[in-house]
> 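One structure follows; several queries about it will come next.
Numbers here simply count residues along the sequence, with the first being 1.
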Amino acid sequence: MANELTIPLLPCADIDEMAAFYEMLGFSVTYRQTRPNPYVALQREDLNLHFYGLEGHVPENSHSTCVVVVEDTGPLYEAFAAGMRAVHGKVLISGIPRMTRPRVRNDRYTGFAVVDPAGNWIRITKAAQEPEARTKLARALENAARQADARGDERQALKLLEGALKQADGSEPELPEAQAYRDELVERITSSEPRPGA
(Lines give C-alpha, C1' and ligand atoms only; values in the text may rest on other atoms or scores of the structure.)
Protein backbone atom coordinates (compact mmCIF):
# COMPACT_ATOMS: atom_id res chain seq x y z
CA MET A 1 0.00 0.00 0.00
CA ALA A 2 1.10 3.57 -0.58
CA ASN A 3 -0.11 7.09 0.06
CA GLU A 4 -1.61 6.27 3.44
CA LEU A 5 -2.65 9.17 5.62
CA THR A 6 -2.55 9.09 9.41
CA ILE A 7 -4.31 11.86 11.33
CA PRO A 8 -3.88 12.18 15.10
CA LEU A 9 -7.05 12.55 17.16
CA LEU A 10 -6.23 14.40 20.37
CA PRO A 11 -8.32 15.38 23.42
CA CYS A 12 -9.27 18.88 24.51
CA ALA A 13 -11.71 20.60 26.85
CA ASP A 14 -12.89 23.16 24.27
CA ILE A 15 -12.85 22.67 20.50
CA ASP A 16 -13.33 26.39 19.85
CA GLU A 17 -10.24 27.23 21.91
CA MET A 18 -8.29 24.67 19.89
CA ALA A 19 -9.56 26.06 16.59
CA ALA A 20 -8.54 29.61 17.57
CA PHE A 21 -5.07 28.49 18.68
CA TYR A 22 -4.34 26.53 15.53
CA GLU A 23 -5.83 29.21 13.27
CA MET A 24 -3.21 31.52 14.82
CA LEU A 25 -0.60 29.03 13.54
CA GLY A 26 -2.01 29.10 10.02
CA PHE A 27 -4.43 26.16 10.14
CA SER A 28 -7.97 26.21 8.77
CA VAL A 29 -11.00 24.48 10.22
CA THR A 30 -12.09 21.79 7.75
CA TYR A 31 -14.83 20.25 9.91
CA ARG A 32 -16.58 21.15 13.17
CA GLN A 33 -19.40 19.54 15.11
CA THR A 34 -20.81 20.03 18.59
CA ARG A 35 -23.29 17.10 18.70
CA PRO A 36 -23.39 14.31 19.47
CA ASN A 37 -19.74 14.86 20.46
CA PRO A 38 -17.55 17.99 20.14
CA TYR A 39 -15.06 17.53 17.29
CA VAL A 40 -12.92 19.83 15.17
CA ALA A 41 -10.63 19.04 12.23
CA LEU A 42 -7.81 21.42 11.32
CA GLN A 43 -5.46 21.50 8.35
CA ARG A 44 -2.37 23.45 7.31
CA GLU A 45 -1.14 22.31 3.90
CA ASP A 46 -0.58 18.53 4.35
CA LEU A 47 -0.63 18.72 8.15
CA ASN A 48 -3.91 17.52 9.69
CA LEU A 49 -4.83 17.55 13.39
CA HIS A 50 -8.20 16.53 14.79
CA PHE A 51 -9.48 17.16 18.32
CA TYR A 52 -12.36 15.74 20.30
CA GLY A 53 -13.96 17.32 23.35
CA LEU A 54 -13.33 15.44 26.57
CA GLU A 55 -15.24 16.59 29.62
CA GLY A 56 -12.96 17.20 32.58
CA HIS A 57 -9.79 17.26 30.45
CA VAL A 58 -6.93 18.93 32.38
CA PRO A 59 -4.14 20.30 30.12
CA GLU A 60 -1.48 20.02 32.83
CA ASN A 61 -2.19 16.28 33.13
CA SER A 62 -2.22 15.59 29.40
CA HIS A 63 0.09 12.94 28.00
CA SER A 64 -1.18 13.10 24.42
CA THR A 65 1.36 13.67 21.68
CA CYS A 66 2.09 13.15 18.01
CA VAL A 67 5.15 13.48 15.78
CA VAL A 68 5.22 15.43 12.53
CA VAL A 69 8.23 14.70 10.29
CA VAL A 70 9.32 17.49 7.93
CA GLU A 71 12.28 18.08 5.62
CA ASP A 72 13.25 21.30 7.46
CA THR A 73 11.87 22.54 10.77
CA GLY A 74 12.85 26.17 10.15
CA PRO A 75 10.07 27.36 7.82
CA LEU A 76 7.28 25.80 9.90
CA TYR A 77 8.72 27.18 13.13
CA GLU A 78 9.02 30.67 11.60
CA ALA A 79 5.41 30.54 10.34
CA PHE A 80 4.13 29.42 13.75
CA ALA A 81 6.25 32.05 15.53
CA ALA A 82 4.93 34.80 13.22
CA GLY A 83 1.37 33.78 14.06
CA MET A 84 2.08 33.87 17.79
CA ARG A 85 3.77 37.26 17.51
CA ALA A 86 0.84 38.66 15.55
CA VAL A 87 -1.64 37.61 18.25
CA HIS A 88 0.44 37.75 21.47
CA GLY A 89 3.28 40.10 20.57
CA LYS A 90 5.83 37.34 21.29
CA VAL A 91 6.53 33.65 20.96
CA LEU A 92 4.99 31.83 23.92
CA ILE A 93 7.87 29.88 25.51
CA SER A 94 6.43 28.93 28.91
CA GLY A 95 3.21 27.68 30.40
CA ILE A 96 0.37 26.23 28.37
CA PRO A 97 0.24 26.91 25.45
CA ARG A 98 3.89 27.28 24.43
CA MET A 99 6.38 26.47 21.69
CA THR A 100 10.04 25.49 21.91
CA ARG A 101 12.65 26.60 19.39
CA PRO A 102 14.20 24.14 16.90
CA ARG A 103 17.22 22.48 18.48
CA VAL A 104 19.30 19.39 17.91
CA ARG A 105 18.54 16.78 20.56
CA ASN A 106 20.80 13.98 21.70
CA ASP A 107 19.08 11.57 19.30
CA ARG A 108 20.72 13.63 16.48
CA TYR A 109 17.41 15.02 15.22
CA THR A 110 16.47 18.69 15.10
CA GLY A 111 13.02 19.44 16.37
CA PHE A 112 10.66 21.71 18.23
CA ALA A 113 7.40 21.20 20.06
CA VAL A 114 4.10 23.00 20.20
CA VAL A 115 2.21 22.44 23.44
CA ASP A 116 -1.34 23.49 22.66
CA PRO A 117 -4.03 24.83 25.04
CA ALA A 118 -5.11 21.24 25.82
CA GLY A 119 -1.56 20.23 26.80
CA ASN A 120 -1.06 18.08 23.68
CA TRP A 121 2.55 17.95 22.46
CA ILE A 122 2.86 18.34 18.68
CA ARG A 123 6.49 17.36 18.04
CA ILE A 124 7.92 18.66 14.78
CA THR A 125 11.11 16.85 13.80
CA LYS A 126 13.48 16.95 10.86
CA ALA A 127 13.53 13.83 8.68
CA ALA A 128 17.35 13.46 8.62
CA GLN A 129 19.77 13.15 11.51
CA GLU A 130 22.37 15.84 12.15
CA PRO A 131 26.14 15.23 12.35
CA GLU A 132 27.52 14.15 15.71
CA ALA A 133 28.28 16.88 18.26
CA ARG A 134 31.97 17.77 18.38
CA THR A 135 32.29 19.55 21.75
CA LYS A 136 31.19 18.87 25.30
CA LEU A 137 29.09 22.03 25.22
CA ALA A 138 27.33 20.91 22.02
CA ARG A 139 26.53 17.56 23.65
CA ALA A 140 25.24 19.35 26.75
CA LEU A 141 23.02 21.54 24.55
CA GLU A 142 21.57 18.40 22.92
CA ASN A 143 20.99 16.72 26.29
CA ALA A 144 19.38 19.87 27.67
CA ALA A 145 17.09 20.08 24.62
CA ARG A 146 16.06 16.46 25.18
CA GLN A 147 15.23 17.17 28.84
CA ALA A 148 13.40 20.48 28.39
CA ASP A 149 11.99 20.47 24.89
CA ALA A 150 11.12 16.78 24.58
CA ARG A 151 10.39 15.82 28.20
CA GLY A 152 9.31 19.13 29.69
CA ASP A 153 11.95 19.01 32.46
CA GLU A 154 13.38 22.53 32.31
CA ARG A 155 15.06 22.26 35.72
CA GLN A 156 17.14 19.21 34.71
CA ALA A 157 18.00 20.87 31.40
CA LEU A 158 19.16 24.01 33.19
CA LYS A 159 21.28 21.93 35.58
CA LEU A 160 22.98 20.15 32.66
CA LEU A 161 23.55 23.35 30.72
CA GLU A 162 24.87 25.37 33.65
CA GLY A 163 27.33 22.58 34.50
CA ALA A 164 28.62 22.55 30.94
CA LEU A 165 28.84 26.35 30.77
CA LYS A 166 30.99 26.38 33.93
CA GLN A 167 33.44 23.99 32.22
CA ALA A 168 33.45 25.85 28.89
CA ASP A 169 36.69 27.62 28.00
CA GLY A 170 35.02 30.29 25.86
CA SER A 171 36.28 29.02 22.50
CA GLU A 172 33.28 26.77 21.78
CA PRO A 173 31.27 27.95 18.75
CA GLU A 174 28.06 26.94 20.59
CA LEU A 175 28.71 29.30 23.51
CA PRO A 176 26.27 32.09 22.46
CA GLU A 177 23.54 29.54 21.70
CA ALA A 178 24.12 27.78 25.04
CA GLN A 179 23.96 31.07 26.96
CA ALA A 180 20.77 32.11 25.16
CA TYR A 181 19.19 28.72 25.87
CA ARG A 182 20.18 28.97 29.54
CA ASP A 183 18.47 32.38 29.73
CA GLU A 184 15.38 30.97 28.03
CA LEU A 185 15.26 28.05 30.48
CA VAL A 186 15.49 30.44 33.44
CA GLU A 187 12.61 32.47 31.98
CA ARG A 188 10.53 29.33 31.39
CA ILE A 189 11.11 28.14 34.96
CA THR A 190 10.44 31.48 36.66
CA SER A 191 7.33 32.21 34.62
CA SER A 192 5.83 28.83 35.48
CA GLU A 193 6.36 29.19 39.25
CA PRO A 194 3.31 30.24 41.29
CA ARG A 195 3.35 33.89 42.28
CA PRO A 196 3.00 34.87 45.94
CA GLY A 197 -0.63 35.53 46.83
CA ALA A 198 -1.89 33.86 43.66
> Checking V91 now: which residues fulfil side chain to side chain contact (heavy atoms under 4.5 Å, CB included) with it, not counting sequence neighbours?
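For V91 the side chain to side chain contact (heavy atoms under 4.5 Å, CB included) partners, ignoring immediate neighbours, are Y77, A81, M84, R85, I93, M99.
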> Ignoring hydrogens, what is the shortest heavy-atom contact between A19 and V29? Give both atom names and the distance.
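Here A19 and V29 meet closest at CB-CG2, 3.9 Å.
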> Mind checking what makes salt bridge (Lys or Arg N to Asp or Glu O under 4.0 Å) contact with R182, not counting sequence neighbours?
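Partners of R182 by the salt bridge (Lys or Arg N to Asp or Glu O under 4.0 Å) criterion come out as none, since no residue qualifies.
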> Can you tell me how far the CG atom of N48 sits from the OG1 atom of T6, to the nearest 0.5 Å?
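Going from CG on N48 over to OG1 on T6, the span is 10.5 Å.
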> Return the minimal non-hydrogen interatomic distance between G53 and I15, and the atom names on each side.
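Closest approach of G53 to I15: N-CG2, 4.1 Å.
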> Can you hop from M24 to V68 via hydrophobic side chains spaced under 4.5 Å?
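Shared cluster, yes.
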> Show your reasoning for whether side-chain contact (heavy atoms from CB on, under 4.5 Å) applies to F21 and D14.
CA-CA 11 Å; F21 177 79; D14 183 339; over 6 Å; no
> Would you kindly confirm whether L92 and F112 end up in one hydrophobic cluster when ILVMFWY residues are joined by side chain heavy atoms under 4.5 Å apart?
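Hydrophobic grouping puts L92 with F112.
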> List for me each residue that meets ring-ring contact (aromatic ring centres under 6.0 Å, His included) alongside Y109, sequence neighbours excluded, and say none if there are none.
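Partners of Y109 by the ring-ring contact (aromatic ring centres under 6.0 Å, His included) criterion come out as none, since no residue qualifies.
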> Applying salt bridge (Lys or Arg N to Asp or Glu O under 4.0 Å) to R151 and D153, what does each step give before you reach the verdict?
CA-CA 6 Å; R151 293 190 178 130; D153 191 345; over 6 Å; no
> With rounding to the nearest 0.5 Å, note down the distance linking CD1 in I189 to OG in S94.
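Rounded to the nearest 0.5 Å, the CD1-OG separation comes out at 10.5 Å.
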> Check the pair M18 / N120 against side-chain contact (heavy atoms from CB on, under 4.5 Å), numbers first and verdict last.
CA-CA 10 Å; M18 299 307 286; N120 301 304; 4.0 Å; yes
> State the CG-CG distance between L141 and L161, to the nearest 0.5 angstrom.
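So the gap between those two atoms works out to 5.5 Å.
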> Taking the side chain as every heavy atom from C-beta outward, state whether V70 and T125 have any atom pair closer than 4.5 Å.
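Sidechains of T125 and V70: no contact.
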> Measure from the side-chain N and O atoms of E130 to the backbone N and O of T110, and report whether any donor-acceptor pair falls under 3.5 Å.
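Here the side-chain-to-backbone pair does not exist.
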> Could you give the distance from CH2 (W121) to CG (D149), rounded to the nearest 0.5 Å?
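Answer for the CH2-CG pair, W121 versus D149, is 7.0 Å.
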> In terms of hydrophobic clusters joined by side-chain contacts under 4.5 Å, are V69 and I7 together?
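Not linked; separate clusters.
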> According to a hydrophobic-cluster definition based on side-chain heavy atoms being under 4.5 Å apart (Ile, Leu, Val, Met, Phe, Trp, Tyr only), do L25 and L10 belong together?
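As far as the 4.5 Å side-chain criterion goes, L10 and L25 are connected within one cluster.
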> Could you list all the salt bridge (charged side-chain N to carboxylate O under 4.0 Å, His left out) pairs where at least one residue sits in residues 133-143, not counting sequence neighbours?
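Found R108-E142.
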> Is the backbone N or O of L47 less than 3.5 Å from a side-chain atom of Q43, with the two atoms forming a donor-acceptor pair by type?
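Side chain of Q43 to backbone of L47: no pair is present.
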> Sequence neighbours excluded, which residues qualify as ring-ring contact (aromatic ring centres under 6.0 Å, His included) partners of F27?
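ring-ring contact (aromatic ring centres under 6.0 Å, His included) list for F27, sorted by chain: Y22.
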> Show the atom names and distances, to 0.1 Å, of all donor-acceptor pairs under 3.5 Å that link a side chain in residues 172-179 to residues at least two apart or in another chain.
{"unit_1": "E172", "atom_1": "OE1", "unit_2": "D169", "atom_2": "N", "d": "3.4"}
{"unit_1": "E172", "atom_1": "OE1", "unit_2": "G170", "atom_2": "N", "d": "3.0"}
{"unit_1": "E172", "atom_1": "OE2", "unit_2": "D169", "atom_2": "N", "d": "3.1"}
{"unit_1": "E174", "atom_1": "OE1", "unit_2": "T135", "atom_2": "OG1", "d": "2.9"}

> Taking only residues two or more places apart in sequence, or in another chain, which ones meet S28 in a side chain to side chain contact (heavy atoms under 4.5 Å, CB included)?
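For S28, no residue satisfies side chain to side chain contact (heavy atoms under 4.5 Å, CB included) once neighbours in sequence are set aside.
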> Could you measure the distance from the CD atom of Q167 to the CG atom of L137? Nearest 0.5 Å is fine.
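With rounding to 0.5 Å, CD (Q167) is 10.0 Å from CG (L137).
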> To the nearest 0.5 Å, tell me how far I122 CD1 sits from L76 CG.
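I122 CD1 to L76 CG: 11.5 Å, rounded to 0.5 Å.
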> Checking L160 against Q147 for the side-chain contact (heavy atoms from CB on, under 4.5 Å) test, could you report, in this order, the C-alpha distance in whole Å, the side-chain angles of both residues, the deciding distance, and whether it holds?
CA-CA 9 Å; L160 289 168; Q147 291 298 320; 3.8 Å; yes
> Which pairs count as side chain to side chain donor-acceptor pair (under 3.5 Å) when at least one residue sits in residues 54-74, sequence neighbours excluded?
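Pairs touching residues 54-74 that pass the test: T65-R123.
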> Residues in salt bridge (Lys or Arg N to Asp or Glu O under 4.0 Å) with D116, at least two apart?
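D116 satisfies salt bridge (Lys or Arg N to Asp or Glu O under 4.0 Å) with no residue once adjacent residues are dropped.
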> Could you give all pairs that pass the salt bridge (charged side-chain N to carboxylate O under 4.0 Å, His left out) test and reach residues 22-51, with sequence neighbours left out?
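Found D16-R32.
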> Among Ile, Leu, Val, Met, Phe, Trp and Tyr joined by side-chain contacts under 4.5 Å, find the other residues sharing a cluster with Y31 and list them by chain and number.
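Listed partners: L9, Y39, Y52, L54.
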> Minimum heavy-atom separation for F51 and C12, please, with both atom names.
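Between these two residues, the closest heavy atoms are CB-SG, 4.0 Å.
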> The criterion is side chain to side chain contact (heavy atoms under 4.5 Å, CB included); which residues satisfy it with A148, sequence neighbours excluded?
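In terms of side chain to side chain contact (heavy atoms under 4.5 Å, CB included), with neighbours along the sequence ignored, A148 is linked to E154, A157, Y181, L185, R188.
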